[in-house]
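Written below as structure tokens is the structure these notes are about.
Computed from a predicted structure; not experimentally measured.
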Amino acid sequence: MSGNGATSVEIKNLDLSFGAVDVLKGLNLSVNEGEFLVLLGSSGCGKSTLLNCIAGLLDVTGGQVFIKGRNVTWAEPSERGIGMVFQSYALYPQMSVEGNMSFGLKNARVPKSEIKERVARAADILQIEPLLKRKPSALSGGQRQRVAIGRALVRDVDVFLFDEPLSNLDAKLRADLRVELKQLHDRLDNTMIYVTHDQVEAMTLADRIAIMKDGIIQQLASPGEIYSRPANLYVADFIGSPAMNLQQGRVENGHFLAGELSVPLASYSFEREVAGDVWFGIRPEHVLVGDDAAGADLELTVKAEVVEPLGSDTLVLTSVNGKRFWLRISGQSKVASGDSLRAGVNAADASLFDAGDEERL
Amino acid sequence: MAKIAAIPMILTALCVFVGGTLWTVVYSFTGSKLLPKAKWVGLDQYERLWNTNRWIVSIENLMIYGICSLIFSLVIGFVLAALLDQKIRFENTFRTIILYPFALSFIVTGLVWQWILNPDFGVQNIVRSLGWASFEFDPLYNQDIVIYGILIAGLWQGTGLIMVLMLAGLRGIDQEIWKASRVDGIPTWKTYIFIVIPMMRPVFITTLVLIASGIVRVFDLVVAQTSGGPGIASEVPAKYVYDTMFLRQNLAQGFAASTMMLLAVAIVIIPWAYLEFGSRKRD
């Protein structure tokens, strides 16, 4: 985690309702200075709503928002010290790139020389100097988004807010801009809050990820932590492609039992007492295949039903206990559908969740 | 196939519109009275036209009506649309009420406003019966302001449509533009003027064409409200054309007047089209 540990954005007990619908419920979140925080979730989870509340574009129903220690709950967006980048770029189409970047500053009566300086600096950082005189309609999607970032940049703010900024771009451009955003963050060291539904963006960009569902943060942790130690069943299922292999069963005498499976759990580090019914999850890449499977906590033979070669590695769909069971194996290995494979699972790599409240065990 | 299917339409358009227009222009140089007759008189009809006081009054009235109607329709229509766009309650109800006059014909609109503006049982009568005995409001009976009485009725009838078009235009503006301008700290009125209205250019052009065509052919409203009176104070060109052609059996004079109207429209449209489409190519 970068930054010096001071709090940049703090949200206390935030509530937001549209009529009878509660979108955010008693949400607490604290973002450190210089941190890159990603709000991740499927559509309708409240992540964009939360970002709009931080920006001041939505009036909150209850709770408080602090930016740099200042209570800005009822401040206008322009007075909060934020810059924002939108999914549709939201550039002013009748103005040149330069006009787009300087319009807000002109309006705030910033001296002309300073406007010029700031626009030049932002254009330099984003490498859009040749485009300054052009209209947004004469730019490509990636260039437009760069201009939109530039418009946030010239505001000289502490916090940048991104609302799915790469979702309108094609896959290749998205990957390129993702890298640029990361470099930009390293260079500026500003606090950035980034909303996305794309887990690859979240994993690659974030210092910390907040996974949201139904207006509640399910887990707030580093990408690695979220990946290897998901806090509940929803997070486990949401992160990772293909998703974590899950089996429902029960724990008895230190063994996980489901159908004919029996996994000794001696090597699993429990977070709380085990009681009755549980979910057992293992990521496809943690399933050992072939000779590696020998000596694992659980050894089984599975039949490849579908083989998806991705080049770098190969995904194999099998089934265990009638449930989908994905394996990720090396791209070099020759497997055809119908082949039998030896697979092994170690309890240490697995995640267990309570079947009732779906929390990690 | 598509071209063959379009042939009847193209022929109709060519014969009826272009042909009819050319025929009218050609016969405006004749001395036709009740029936068209190819007896050439040169520019006589035009000379007579521009020496007729009634035609001059008509042109003046059309100018006043046109300029006021253009400005007020656009301003009122846009302001109403902007007000309706503020996420208000009962938006549909308001929209229906404001658009409703558009469902009435000009004749009905004219009659309604003739009654409202009638000093004996309209607004003037009501205010007087409330006790203000010296109150005077009778635009339709005052030569100097009668055209404004017609303007009121015209605006009442037409603004609703302009508002609905503007509202559709406003709804077409990406909400993120508004968000971006709020984050930039740009006041709402400035956002409207410098960002939203320029983005609504196509809508403005559509409404402009609608308003302009309404102005040029204003006729039934005048007939229903004042029949051109008092005297000839509220005459308009379209009425002049109709009256000379069908009441006074002076076809060529009517053709000359309609040719002048066509010329006036062409003078406005051609430079505009040149600018509009000429500049597109340079972009």
**Study point:** Sorted by number, residues from residues 40-56 of chain A in contact with chain B (heavy atoms, under 4.5 Å)
**Key:** A/Asn52, A/Gly56

Review point. More than 12 heavy atoms of other residues, nucleotides or ligands under 6.0 Å from NZ of B/Lys190: is that the case?
Key: yes

Study note, to complete from the structure: Interface check, chain A: of B/Pro187, B/Gly185, B/Ser181, B/Ala180, most non-hydrogen pairs under 4.5 Å belong to B/Ala180

Check your understanding: Does the side chain of A/Met95 reach to within under 4.5 Å of the side chain of B/Ile195, using non-hydrogen atoms?
Key -> yes

Review point. Which residues in residues 75-89 of chain B have any heavy atom lying under 4.5 Å from a heavy atom of chain A?
Key: none

Study note, to complete from the structure: On a heavy-atom basis, the closest approach of A/Leu57 and B/Arg182 is O-NH1, 3.6 Å

Review point. Can you pull out the residues in residues 170-178 of chain B with any heavy atom less than 4.5 Å from chain A?
Key: B/Asp174, B/Glu176, B/Ile177

Practice item. Pull out the residues in residues 61-82 of chain A that come under 4.5 Å of chain B, heavy atom to heavy atom, sorted by number. Key: A/Glu76, A/Pro77, A/Ser78, A/Ile82

Check your understanding: Taking atom CD of A/Gln94 and atom CZ of B/Phe194, what is their separation to the nearest 0.5 Å?
Key -> 13.0 Å

Review point. Is it true that atom OH of B/Tyr192 has more than 12 heavy atoms of other residues, nucleotides or ligands lying nearer than 6.0 Å?
Key: yes

Point to revise | Spatial distance of atom CG (B/Asp184) from atom CZ (A/Arg155) [nearest 0.5 Å] | key: 5.5 Å

Practice item. Count the heavy atoms of every other residue, nucleotide or ligand shown that sit under 6.0 Å from CZ of B/Phe204, and state whether that count exceeds 12. Key: yes

Review point. Where on A/Leu91 is there a heavy atom nearer than 4.5 Å to chain B: the side chain, the backbone, both, or neither?
Key: backbone

**Study point:** CD (B/Glu91) with more than 12 external heavy atoms under 6.0 Å
**Key:** yes

Review point. Do A/Tyr92 and B/Pro198 come close enough that some side-chain heavy atom pair is under 4.5 Å?
Key: no

Review point. Does atom OH of B/Tyr148 have more than 12 heavy-atom neighbours from other groups under 6.0 Å away?
Key: no

